[in-house]
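Heads up: the structure comes next, in structure tokens.
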Amino acid sequence: MIRNIYNHSIQDLADHLNIAPTYLLEIEINQKQPPIELLTKYAEIYDMKLSTLILLTESSEEVQKHSDGKKIIRNMMLKLIEFCSKVNN
């Protein structure tokens with residue numbers, strides 16, 4: 001999860017998004033679908049394009065369904081985001 005890369009707790013991110021932590025948890029475990037406005041705000045918090053956020057989300061869901069090859073790609077993408085966040089700070 002992106003918030004883990006930035007060491008944000010569920011409470012921290014929920015506060016930034018102005019939502020309840022329980023709602024955020026439900027989104028993270030795929031029990032709830034977030035509205036596009038919430039996804040947009042999430043992307044802004046982490047200084048990324050909405051399309052990138054959606055790609056990472058889709059990749060995460062696909063990893064759970066498919067092969068180890070996709071896990072490798074997802075991990076590489078997460079490492080790239082982590083690297084970029086360190087460079088920008």
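All of these numbers come straight from a predicted model, not from anything done at the bench.
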Distance, nearest 0.5 Å, that separates NZ of Lys49 from CD1 of Ile54: 12.5 Å
Leu80-Leu50 co-clustered via ILVMFWY side chain contacts under 4.5 Å: no
Which atom of Pro35 lies closest to which atom of Tyr23, heavy atoms considered: CD-OH, 3.5 Å
From Ile27 atom CD1 to Leu38 atom CG, the distance as rounded to the nearest 0.5 Å: 5.0 Å
Minimal non-hydrogen separation, Asn18 against Lys41, with atom names: ND2-NZ, 2.9 Å
Where Ala14 and Ala20 come nearest, the two heavy atoms and their spacing: CB-C, 4.0 Å
Gap separating the CG atom of Leu24 from the CD1 atom of Ile10, nearest 0.5 angstrom: 5.5 Å
Value rounded to 0.5 Å, distance of OG1 in Thr40 from CG in Leu53: 9.0 Å
Closest non-hydrogen atom pair, Leu39 against Pro34: CD2-CG, 3.6 Å
Between CD1 on residue Ile45 and CG on residue Leu17, distance to nearest 0.5 Å: 4.0 Å
Heavy-atom closest contact (Tyr46 atom, His8 atom, distance): OH-ND1, 2.7 Å
Rounded distance (nearest 0.5 Å) linking atom CD1 of Ile19 with atom NZ of Lys32: 11.0 Å
Considering all heavy atoms, the nearest Asp12-His16 contact: O-ND1, 2.9 Å
